[in-house]
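One structure is given here, and the rest of the page talks about it.
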Amino acid sequence: MLGRHRAVLPDWLALYYERPIELTHGEGRFVWDAEGNRYLDFFGGILTTMTAHALPEVARAVAEQAGRILHSSTLYLNRPMVELAERIAALSGIPDARVFFTTSGTEANDTALLLATAYRGSNQVLAMRNGYHGRSFSTVGVTGNSGWAPTSLSPLRTLYVHGGVRGRGPFAELDDAGFTAACVADLRDLLTQTRGGVAALIAEPIQGVGGFTSGPDGLFAAFREVLAEHGALWISDEVQTGWGRTGDHFWGWQAHGANGPPDLLTFAKGIGNGMSVGGVVARAEVMNCLDAHSISTFGGSPVTMSAALANLAYLQEHDLQGNARRVGGLLIERLRATAAGLSVVREVRGRGLMIGVELVAPGTDEPSPEAAALVLEAAREGGVLLGRGGPPGTGVLRVAPPLSLTVTEAEQGAEVLGRALATAESRLRGSS
């Protein structure tokens with residue numbers, strides 16, 4: 001299978017593990033590979049299996065809708081799309097909200113950038129250093145992580161703001177208030193470098209691909225005050241932070257007490273639980289600013305909308321946001337306790353079931369991608385699948401299981417990860 005993959009797919013299509021695995025099926029928080037090995041899934045297909053693998057409610061909704069009609073496009077009235085839009089509009093907190101559905105987070109952010117630049121009549125965009133927003137031409141142009149930006153060409157003029165990474169960089173030694181003040185001063189200075197009106201700031205409340213990093217709570221509220229002075233919009237990229245994953249809040253932006261919601265909010269990943277669903281929420285005057293026709297062939301598909309409706313209902317009825325807060329808090333505690341005795345771990349950070357473990361060469365503060373690779377392999381051997389992230393040349397493990405994770409499963413995963421971290425430290429110290 002690996003040979004066939006390499007023969008027909010791009011070289012840049014990344015695969016995890018020295019011996020890549022083929023996942024064949026899943027149930028709950030577990031998946032199985034083609035050799036019959038079972039794994040506790042601590043990455044959820046990149047934060048996308050939000051509730052559970054093979055969730056009966058979602059599978060049933062897909063089958064029932066597929067038995068009626070698979071596809072119609074947005075040229076026809078679509079009951080599941082309208083019903084899901086009504087629910088998301090209400091949950092967004094954005095007044096007089098309109099919702100446009102896409103098939104991915106990349107497409108959602110691409111649409112948000114189109115709306116913001118058209119509304120403001122400007123192609124100048126602010127983004128966060130170390131941020132990631134997708135793989136399309138425009139979203140690569142606002143991605144501040146060079147490891148995920150294959151070209152410097154862009155239809156946008158992008159300027160990058162400090163604030164996405166709390167623990168490293170020129171402001172790392174400041175307290176939270178000082179850090180926020182320094183980032184706001186940087187933003188004000190940056191705005192003097194622009195020519196005319198800036199369209200928007202696009203930002204992840206917690207940076208996903210960047211290694212689950214974030215600034216202090218309140219940072220984006222302070223940014224918003226400055227943006228408002230210039231008429232610039234705020235786009236909150238909730239592709240990874242939305243739907244209660246952070247535990248404390250339904251949306252990541254809510255941690256910032258921003259005196260109101262963002263102007264635009266993008267979402268994807270978890271809402272479809274594996275089905276291709278993304279979208280943008282914006283107040284009506286922004287969403288309706290386009291003066292040309294537009295449709296979506298696959299965005300708002302009756303099947304994906306039905307899956308998302310069932311998935312959202314399950315999430316809310318079973319209080320998975322509360323579960324993410326409780327079980328995620330326990331998991332962070334366990335991982336921090338394990339890390340306390342290991343010099344390979346620089347920091348365990350996160351919120352809810354969105355946890356980052358930053359690794360360094362033992363006894364130093366130097367980032368270690370080698371350590372991350374060792375832990376990833378050792379955890380897989382122990383039966384746990386993890387993710388990776390961070391800027392190029394760093395090593396950050398990403399822990400983001402389905403939000404239905406149980407206490408027992410959290411304890412089991414923490415134990416395996418602890419052993420994997422100890423193995424990595426031992427091997428790195430031995431090699432040095």
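Of the possible polar contacts, one joining the R245 side chain to the L353 backbone as a donor-acceptor pair under 3.5 Å is found. A donor-acceptor pair under 3.5 Å is absent between the side-chain atoms of D33 and the main chain of L23, judged by distance alone. The backbone N or O of G208 sits less than 3.5 Å from a side-chain atom of R398, completing a donor-acceptor pair. In this structure, the side chain of T49 does not engage the main chain of P402 through any donor-acceptor pair within 3.5 Å. A distance-only check finds a donor-acceptor pair linking the side chain of S404 to the backbone of T51 [under 3.5 Å]. Between the side chain of N145 and the backbone N or O of G210, no donor-acceptor pair lies under 3.5 Å.
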Task: D110 and T139: CA distance, side-chain angles, deciding distance, side chain to side chain donor-acceptor pair (under 3.5 Å) verdict - done: CA-CA 6 Å; D110 193 82; T139 54; 5.4 Å; no

Task: Residues F101, I88; criterion side-chain contact (heavy atoms from CB on, under 4.5 Å); working and verdict - done: CA-CA 11 Å; F101 289 105; I88 292 175; 3.9 Å; yes

Open item on the list: Evaluate T117 against N123 for side chain to side chain donor-acceptor pair (under 3.5 Å), listing each step before the verdict.
Closed with: CA-CA 5 Å; T117 54; N123 75 335; over 6 Å; no

TODO: Begin from the C-alpha positions of V277 and T103 and carry the test side-chain contact (heavy atoms from CB on, under 4.5 Å) through to its verdict.
DONE: CA-CA 5 Å; V277 183; T103 60; over 6 Å; no

TODO: May I have the step-by-step check of ring-ring contact (aromatic ring centres under 6.0 Å, His included) for H162 and F171, ending in yes or no?
DONE: CA-CA 9 Å; H162 281 292; F171 306 146; 4.9 Å; yes

Open item on the list: Pair L40, E409 - check side-chain contact (heavy atoms from CB on, under 4.5 Å), show working.
Closed with: CA-CA 8 Å; L40 180 56; E409 292 161 350; 4.2 Å; yes

- [ ] Take S236 and E238, measure what side chain to side chain donor-acceptor pair (under 3.5 Å) needs, and give me the verdict at the end.
- [x] CA-CA 6 Å; S236 185; E238 300 278 352; 2.9 Å; yes

TODO: Check the pair S343, E425 against side chain to side chain donor-acceptor pair (under 3.5 Å), reporting the backbone distance first and the verdict last.
DONE: CA-CA 8 Å; S343 63; E425 172 141 334; 3.2 Å; yes

Task: T213 and Q207: CA distance, side-chain angles, deciding distance, side-chain contact (heavy atoms from CB on, under 4.5 Å) verdict - done: CA-CA 5 Å; T213 64; Q207 295 182 333; 2.9 Å; yes

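For the atom pair CG (L397) and CG (L421), the distance works out to 6.5 Å, reported to the nearest 0.5 Å. Distance check: T194 OG1 to L190 CG gives 7.5 Å after rounding to the nearest 0.5 Å. Here R98 contributes atom CZ and M287 contributes atom CE; the two are 9.0 Å apart, rounded to the nearest 0.5 Å. Distance check: T394 OG1 to N130 CG gives 7.5 Å after rounding to the nearest 0.5 Å.
Comment: R87 does not engage E83 in a salt bridge, judged by the lack of any side-chain N to carboxylate O separation of less than 4.0 angstrom. The existence of a salt bridge linking R168 and D365 is confirmed by a sub-4.0 Å separation between a basic side-chain nitrogen and an acidic carboxylate oxygen. Salt bridge absent: R336 and E333 never bring a charged side-chain N and a carboxylate O closer than 4.0 Å. Using a 4.0 Å cut-off between a side-chain N of Lys or Arg and a carboxylate O of Asp or Glu, R166 and D176 qualify as a salt bridge.
Under a cutoff of 6.0 Å and an axis angle of 45°, R388 and Y16 do not form a cation-pi pair. Judged by the 6.0 Å and 45° rule, R349 forms no cation-pi pair with F212. Geometrically, R129 does not engage Y160 in a cation-pi contact, judged by NZ or CZ lying under 6.0 Å from the ring centre and within 45° of the ring axis.
For the pair F30 and D41, the minimum side-chain heavy-atom distance is 4.5 Å or more.
Aromatic ring orientation, Y314 versus H318: parallel (interplanar angle below 30°, classes split at 30° and 60°). Using cut-offs of 30° and 60° for the angle between ring planes, the W148 and Y132 rings count as perpendicular.
With L417 as reference, L386 is the one residue of L331, L386, V384 to meet the side-chain contact (heavy atoms from CB on, under 4.5 Å) rule.
For N259, the CG atom sits in a loose shell: 12 or fewer heavy atoms of surrounding residues, nucleotides or ligands are nearer than 6.0 Å. Annotation for L91: atom CG counts as buried by contact number, over 12 foreign heavy atoms lying within 6.0 Å. More than 12 non-hydrogen atoms from other residues, nucleotides or ligands lie less than 6.0 angstrom from CD of Q193. Around atom CG of L77, no more than 12 heavy atoms belonging to other residues, nucleotides or ligands sit under 6.0 Å away.
F267 and W243 have their aromatic ring centers within a separation under 6.0 angstrom.
Counting only residues at least two apart or in different chains, side chain to side chain donor-acceptor pair (under 3.5 Å) contacts with residues 217-229 comprise R188-E229, D217-R351.
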